[in-house]
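Only one structure is covered here, and it is reproduced in the block below.
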Amino acid sequence: MPDPAVPPTPPVPLAALLAREDLGLRQIAGPADPSAVVHWAHTSEMADPYPYLLGGELLLTAGVHIPEAAGSGTYFDDYVSRIVAAGGAALGFGVAPVHDTVPRALVAACDSYELPLIEVPPRTTFSAVARAVWQLMAQARHAELRRVTEAQQSLAAAASRPDPVPSVLRQLAQRVGGWAVLYGPDGTEVAVAGRGAERAKAAGGPEAREVREALAGLARIVRPTATAPPAGSAPTGPVASAGSAPTGPVASAGSAPSGPATSAGPGRSAPASPASATDTVAGVHLAAYSLGAGHGFVLGLGAPQRDHGDHTIASVAAVLLSLLTGEHQSGSGAARSSALVRLLLGAPAQDVAPLLGGERWVVVHARPDTLAAPDPVAASALGAALGSPLVDVAREVVRVLLPADPEPAPQPGWTLGVSAVAGPREWAAADVQAGRALARARATRAGLVRYGARPALADLVPEADAEAHARALLARFDATPALTDTLRTWLSLHGSWDRTAVALDVHRNTVRQRIAKCAALLELDLDDPDVRMELWFALRRP
């Protein structure tokens, strides 16, 4: 039977719950396993709680469901077996008001099915037990957050040392309690850090060789297959896999894409490889992270345990290493610097575009789904996941300029607006389009919205005539750009006050006031579909 899925909460050691003197809990049956954990506390008086359990719970019951003749039949065996089948971590039985003692048949059944049975004394309420679980869970969450934060700071400090790559590897190995390996494009070990790695390498037994070979195999899985990166290509960002793989390597799925396909020859593209993969061999948890679509470097990690915090720490290290290795190996950093200098000295954008890697581009505007403003590390990770190092953090929006092929994909934790495909001459217009697409994505709660660039009736009107008409119609708005933006967004969202307010980060009453002012200045009925069509025609001019 496969392991049940447990709630996405930090586990609480059952021993820590039993150690709470204010609860007075006592284990009276089942194995005394110090590693046993619970993820939740759930109260149920159902005779069959199986349909209501997620797995990992401490199930609390007062025995209301137990029939009088339960001790002489198979009732308790059936009851406990269903809890075990659902993945329940332990059973808490409340003494009083229904039962004076825990039924002996229940004790025997828990011993038989190896389910920890906890006696809850009369003075302890189930609410108190649930609250204690929450308190221990909050302590564990806080400790893990502090651990990850300290690891991020130490990794960032290591990246600024004169020997950044070995320093990052050493710090990573120390933080996860294992070892870290940097594999080169040809699969050789470029650098190794961590005492565990030295012991594994020095050991001559088949088990140690199996672990080393398995980690090298994971590196081959995630290493990109392309051999020649395009100019200015960016390293792909790591994506921590969602869970461990107990029996074989599993590439992470459903996460951010690993980056753009790199050039494999005229008219061909090499497929992007998985961003990360995990495996467990001989009790050692292994993980590998691709560090670049065009460079072939891979970070390998081995540790005696693996949890969500370890994945986060490894992902930060992989982002740093992807920047450290990608810049030096591809020459993209020098190319970008040269392009920037030429732009500052007055060169047209179309002349410097070849240094950045293409002629067809899109602009992406992104906002994090959280309320916090994006920080440089998160912005760099987003750019790496999209496949471009050309990232700009502007207040609450991250702007990314990247090649048009392949098309940008949705990114977990971000809302994206993508411009139409544009050449270097149209970068400024594409930036405006991406901003409008982002506003629509936020208003419609979509993860990604692409700016529509298909031919329309407006294309039948000469450009000069269209611009002259737009200027004449919207001339009264020149002094108040907020009215223009509000009217454009309101029309694009079919006159929805609420969604326009969300897109513009203003109150819905502000939207109503601005639209009313637009109607007054234009002396037009904005409920007339012909008027709306004419205004939309004018407002679509960049």
Side-chain angles (χ1 to χ4, degrees), residues 1-138 140 246:
M1 179 178 296
D3 292 336
V6 296
T9 54
V12 173
L14 182 59
L17 194 62
L18 294 172
R20 290 280 296 257
E21 295 182 359
D22 58 320
L23 298 178
L25 304 179
R26 183 169 66 97
Q27 183 172 347
I28 59 176
D33 184 1
S35 64
V37 295
V38 297
H39 292 260
W40 201 262
H42 176 67
T43 302
S44 174
E45 296 298 340
M46 302 294 294
D48 181 12
Y50 180 95
Y52 309 98
L53 299 181
L54 295 175
E57 295 94 346
L58 167 61
L59 178 62
L60 299 172
T61 179
V64 177
H65 56 87
I66 300 176
E68 294 183 2
S72 59
T74 62
Y75 180 85
F76 287 112
D77 279 348
D78 296 340
Y79 178 68
V80 173
S81 67
R82 293 290 283 172
I83 298 174
V84 172
L91 174 63
F93 193 90
V95 177
V98 181
H99 297 269
D100 295 332
T101 60
V102 181
R104 294 183 179 179
L106 178 58
V107 174
C110 288
D111 279 329
S112 176
Y113 285 92
E114 297 186 346
L115 178 68
L117 176 60
I118 311 300
E119 181 185 71
V120 183
R123 63 180 177 83
T124 301
T125 64
F126 288 172
S127 296
V129 176
R131 182 177 59 185
V133 171
W134 271 108
Q135 290 172 343
L136 292 171
M137 195 176 296

At what distance, to the nearest 0.5 angstrom, does CD of Glu57 lie from CD1 of Ile83?
10.0 Å

Provide the full list of salt bridge (Lys or Arg N to Asp or Glu O under 4.0 Å) pairs with a residue in residues 34-56, sequence neighbours left out, each pair given once.
Asp48-Arg82

Residues passing the side chain to side chain donor-acceptor pair (under 3.5 Å) test with Tyr75, sequence neighbours excluded, are His65

If you look only at pairs with a residue in residues 58-81, which of them pass as a salt bridge (Lys or Arg N to Asp or Glu O under 4.0 Å), with sequence neighbours excluded?
none

If you look only at distance, which donor and acceptor atoms sit under 3.5 Å apart when one is on a side chain in residues 91-98 and the other is two or more places apart or in another chain?
none

How far apart are the closest heavy atoms of Ala47 and Tyr79, and which atoms are they?
O-CD1, 3.3 Å

Any residue meeting side-chain contact (heavy atoms from CB on, under 4.5 Å) with Ala16, in chain and number order, not counting sequence neighbours:
Pro13, Leu136

Below 4.5 Å, heavy atoms only, C-beta onward: do Leu54 and His39 meet side chain to side chain?
no

Residues 100-111 side chain polar contacts: donor-acceptor under 3.5 Å, at least two apart:
{"unit_1": "Asp111", "atom_1": "OD1", "unit_2": "Gly30", "atom_2": "N", "d": "2.8"}

What residues form a salt bridge (charged side-chain N to carboxylate O under 4.0 Å, His left out) with Arg123, not counting sequence neighbours?
none

What side-chain hydrogen bond (donor to acceptor under 3.5 Å, both in side chains) pairs are there with at least one residue in residues 13-34, not counting sequence neighbours?
Arg20-Asp22, Arg20-Gln135, Arg26-Glu119, Asp33-Ser35

In residues 124-132, what donor-acceptor pairs under 3.5 Å come from side-chain atoms, sequence neighbours left out?
{"unit_1": "Thr124", "atom_1": "OG1", "unit_2": "Leu23", "atom_2": "O", "d": "2.5"}
{"unit_1": "Thr125", "atom_1": "OG1", "unit_2": "Ala128", "atom_2": "N", "d": "3.1"}

So, for Ser44 and Pro49, which heavy atoms are closest and what is the spacing to 0.1 Å?
OG-CB, 4.2 Å

To the nearest 0.5 Å, tell me how far Leu59 CG sits from Tyr52 OH.
12.5 Å

